[in-house]
Protein chains: 2
Amino acid sequence: MKAKASIVEPQSYSISELAREFDITTRAIRFYEDKGLLKPERRGQTRVYSPEERVRLKLILRGKRLGFSLDESREIIDMYDPAHGNVEQLQRLLERIAQKRTQLQQQLRDIESLMGELDDAETRAEAALVKSRKEENP
Amino acid sequence: MKAKASIVEPQSYSISELAREFDITTRAIRFYEDKGLLKPERRGQTRVYSPEERVRLKLILRGKRLGFSLDESREIIDMYDPAHGNVEQLQRLLERIAQKRTQLQQQLRDIESLMGELDDAETRAEAALVKSRKEENP
DNA sequence: GTTTACGTTGACGTAAACGTAAAGCAAACG
DNA sequence: CGTTTGCTTTACGTTTACGTCAACGTAAAC
């Protein structure tokens, strides 16, 4: 029993719709296609994006937020699709998954420490602010 | 009562020592200096790095792991130093701290979801691997 | 005394990720 | 019918973050 909300997901998107939604340029979207990360259909000349393509775009942008290159994002996206068939490839896939996980764990640690330092910096800045206000209003 | 370990921290480092330690090139280190992220002293012509400069380098590299540009890393590093004096600057600093925190929280969410997806992908890949092995050894 | 190691300053090259016109087609509007 | 709107391809430009020589200095090692 899946209860869908009353907002129906569009079955297709234009390039400028996607650009507006994600606040990027159409140039960027075409660039991702050039690099093999997107493969929209064509209605004549014009690009038509399916909901699946839209998801791929979201994954690309999430990758960017995490500092991934487009090649890295492509690799990650490729991890979702069917199973790459043979044993060797599957083992390489499992290795890459493990590597990515390790990298993400490092990023988690980096974020934690940076968060702590931001807290400290904030504390000092607030203290300095109070002091600064006193000096300006003695 | 602080009990220091028996390993004494060097009081200074050469550029190639730092390059080896962090597995980067001396070219990169000089580049960071060009961009104003490092300011080593000089013994004659030669650069001499204090432990503090070494920490700054570590912060730069942590920034890179989080996908920050050098400009962003410089901003973050600048958040640590004395208090920038006047009220306006302190308020801008507090704003930037808040912004960075928001960004890091987004990164945390991104990592969480990606971690989950890696788990799924791993599960599927392992299943496909078992199946693939059976087919090769029927 | 010269090879070897390590350092220096240019200066040019390059890969990634787009930005920015330029020029053209195609439907839709007034 | 002309023009605005939206899309297309082609192509050169730009920024970031270094890589890669080249040519030179200095100092220890053989």
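What you see is a predicted model; the values in this text were computed from it and never measured.
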- request: Indicate whether the side chain of A:Ser69 and that of A:Arg74 have a donor and an acceptor atom separated by less than 3.5 Å.
  value: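 Their side chains do not contain a donor-acceptor pair, so the 3.5 Å distance test is not met.
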
message: At a heavy-atom distance below 4.0 Å, what parts of residues 60-75 of chain A sit against DNA chain D?
response: none

Counting just side-chain N and O atoms, does [X] come under 4.0 Å of either OP1 or OP2 of [N]?
{"X": "B:Thr25", "N": "D:dG19", "answer": "yes"}
{"X": "A:Tyr32", "N": "C:dA17", "answer": "no"}
{"X": "B:Ser16", "N": "C:dG7", "answer": "yes"}
{"X": "A:Arg27", "N": "C:dT20", "answer": "no"}
{"X": "A:Ser14", "N": "D:dG6", "answer": "no"}

Whole angstroms only, please: what is the [atom1]-[atom2] distance between [X] and [N]?
{"X": "B:Glu33", "N": "C:dG10", "atom1": "CD", "atom2": "P", "result": "12 Å"}
{"X": "B:Ile29", "N": "C:dC6", "atom1": "CD1", "atom2": "P", "result": "15 Å"}
{"X": "A:Arg43", "N": "C:dA26", "atom1": "CZ", "atom2": "P", "result": "16 Å"}
{"X": "B:Ile24", "N": "D:dA17", "atom1": "CD1", "atom2": "P", "result": "14 Å"}
{"X": "B:Leu38", "N": "D:dA17", "atom1": "CG", "atom2": "P", "result": "14 Å"}
{"X": "B:Asp34", "N": "D:dG19", "atom1": "CG", "atom2": "P", "result": "14 Å"}
{"X": "B:Arg42", "N": "D:dT26", "atom1": "CZ", "atom2": "C1'", "result": "15 Å"}
{"X": "B:Ile15", "N": "C:dT8", "atom1": "CD1", "atom2": "C1'", "result": "10 Å"}

query: Within 45 degrees of the axis of the six-membered ring of B:Tyr49 and under 6.0 Å from its centre: does B:Lys39 put its NZ or CZ there?
result: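 Negative - B:Lys39 is either too far from the ring of B:Tyr49 or too far off its axis.
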
Residue mapping more 5' on DNA chain C - nearest nucleotide basis, B:Gln45 or A:Phe31: B:Gln45

Check against side-chain contact (heavy atoms from CB on, under 4.5 Å), A:Val48 and A:Tyr13: CA-CA 6 Å; A:Val48 176; A:Tyr13 309 83; over 6 Å; no

field: Range-with-range stems of DNA chain D (Watson-Crick or G-U pairs under 3.5 Å, three or more in a row)
entry: C:1-30 with D:1-30

message: Check this for me: does any side-chain nitrogen of one of A:Arg101 and B:Asp119 sit under 4.0 Å from a carboxylate oxygen of the other?
response: yes

query: Linking I/L/V/M/F/W/Y whenever any side-chain heavy atoms sit under 4.5 Å apart, do A:Ile60 and A:Val55 land together?
result: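 In one cluster: yes.
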
query: Out of D:dT8, D:dG19, C:dT8, which nucleotide sits closest to the side chain of B:Ala28?
result: D:dG19

